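Letters go in sequence order (proteins before strands), and every chain restarts at 1. What you are looking at is a predicted structure, and each value in this text was computed from that prediction instead of being measured.
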There are 2 protein chains.
Amino acid sequence: MGFELTELEALDVWRRTMVAGVRRDAPDLSARQMALLLTVYLTPPPHTVRGLAELLMVSKPAVTRACDRLGELGMIRRKIDDEDRRSVLLQRTVKGSVFLREYGELIVAAAKGEAAADGSGLPGRY
Amino acid sequence: MGFELTELEALDVWRRTMVAGVRRDAPDLSARQMALLLTVYLTPPPHTVRGLAELLMVSKPAVTRACDRLGELGMIRRKIDDEDRRSVLLQRTVKGSVFLREYGELIVAAAKGEAAADGSGLPGRY
DNA sequence: TATATTTATTTCGTGACCGAAACTTTTACC
DNA sequence: GGTAAAAGTTTCGGTCACGAAATAAATATA
């Protein structure tokens, strides 16, 4: 039953983070966009459209569109691979770093608030 | 610098969970939908449209739409409040419980895989 | 050099979601 | 009873994202 507790705790941290993320006015990314952004920033390069499509198991146009959006937001940058000019390398930006840094702080704060603050605590039935 | 490490670890758990969530075929909920669902399930009732709109700082129509979608998916149920028939109470369902249970397992698995598995490990620069 | 393959993007038609405003129903107030 | 207020929903116009198919550009292969 230690597992049970851990899952509920994990979900509650997730809840606090998601609620905080929705509340702030920052651009709310879709799950795909967020997964892509995190992968580019926390996983060793190179990152190509093809590779990300395979990793996330989505179509290449979906990756292209996510990159379009993240590019508009300045959180990612495209660079043509000089060794194979068909490929596009997705690269990090300062703005994206700041965004993820803040998001990390959001999660850590949510985890610290665990079992305190809003009085929910025990999730009751179910 | 212990904080730095903690934030990166948190982001990496987030990344693993998001990637796993995108990869599976399960319905991918928007951030608002997920925040709403988690709030209904992990926070003490009653939950009304008005209350959720205030908590999440979004418009009431947005909450209505999220409830429509979650209702279609069978993850939430509407019930008219007998003591004030203007209000709608959002309630949990078995299907929603199963979904969140599985999502919790996803997070826990992502946390357990921390610093192992996919070889990313050190996030390098930034 | 000519053809085939690979990578990424664009196009097309469709569906989901957004905020603001209008609307319905119910309750509160006088 | 009659008017005002409150809770949700619906409508409206616009934006964004989706998958599938078509396309453009670069590389590999014959």
(message) Under 4.0 Å, counting only non-hydrogen atoms across every strand here, what does A/T48 touch: a base, just sugar-phosphate, or nothing?
(response) sugar-phosphate
(request) Rounded to the nearest angstrom, tell me the gap between atom CZ in A/R78 and atom P in D/dA25. (result) 16 Å
(request) For the pair B/W14 and A/W14, name the ring-plane relationship: parallel under 30°, tilted 30 to 60°, perpendicular over 60°. (result) parallel
(request) Whole angstrom is fine here: how far is it from CD in B/E72 over to P in C/dG15? (result) 13 Å
(message) Measure CG/A/L56 against P/D/dA17 and give the value in whole Å, please.
(response) 15 Å
(message) Output the rounded distance in Å from CD1 (A/I80) to P (C/dT6).
(response) 20 Å
(request) On DNA chain D, check which nucleotide each of B/G51 and B/D28 is closest to and give me the residue with the more 5' one. (result) B/G51
(request) Heavy atoms only: give me the nearest A/A66-A/Q33 pair and the separation to one decimal. (result) CB-CG, 4.1 Å
(message) Please give me every residue in residues 58-66 of chain B whose heavy atoms get under 4.0 Å of an atom in DNA chain D, ordered by residue number.
(response) B/K60, B/P61, B/T64
(message) What is the distance, to the nearest angstrom, from the CE atom on B/M57 to the C1' atom on C/dG19?
(response) 16 Å
(message) Are there over 12 heavy-atom neighbours, none belonging to A/R85, within less than 6.0 Å of that residue's CZ?
(response) no
(message) What is the separation between atom CG on B/L89 and atom C1' on D/dA7, rounded to the nearest whole Å?
(response) 12 Å
(message) Tell me if a side-chain donor or acceptor on A/T93 pairs with a main-chain N or O of A/G74 at a distance below 3.5 Å.
(response) yes
(request) Can you tell me the distance, in whole Å, between the NE2 atom of B/H47 and the P atom of D/dG8? (result) 13 Å
(message) Whole angstroms only, please: what is the CD-C1' distance between A/Q33 and C/dA16?
(response) 14 Å
Return the polar atom pairs (N/O with N/O) between nucleotides 24-30 of chain C and the protein under 3.5 Å, or none.
residue, atom, partner, partner atom, Å
C/dT27, OP1, B/R85, N, 3.0

(message) Check whether A/R23 reaches the backbone of B/L55 with its side chain - one donor and one acceptor, N or O, closer than 3.5 Å.
(response) yes
(request) Assess whether atom CZ of B/R78 is packed by more than 12 heavy atoms of other residues, nucleotides or ligands within 6.0 Å. (result) yes
(request) Taking all heavy atoms of B/V49 and all of B/L90, pick out the closest pair and write down the distance. (result) N-CD2, 3.9 Å
(message) Could you check whether any side-chain heavy atom of B/R15 comes within less than 4.5 Å of a side-chain heavy atom of A/T43, counting everything from C-beta outward?
(response) yes
(message) Please report the interatomic distance CD(A/E105) to CD(B/E7), rounded to the nearest 0.5 Å.
(response) 4.5 Å
(message) Does D/dG19 have its OP1 or OP2 closer than 4.0 Å to a side-chain nitrogen or oxygen of A/R32?
(response) yes
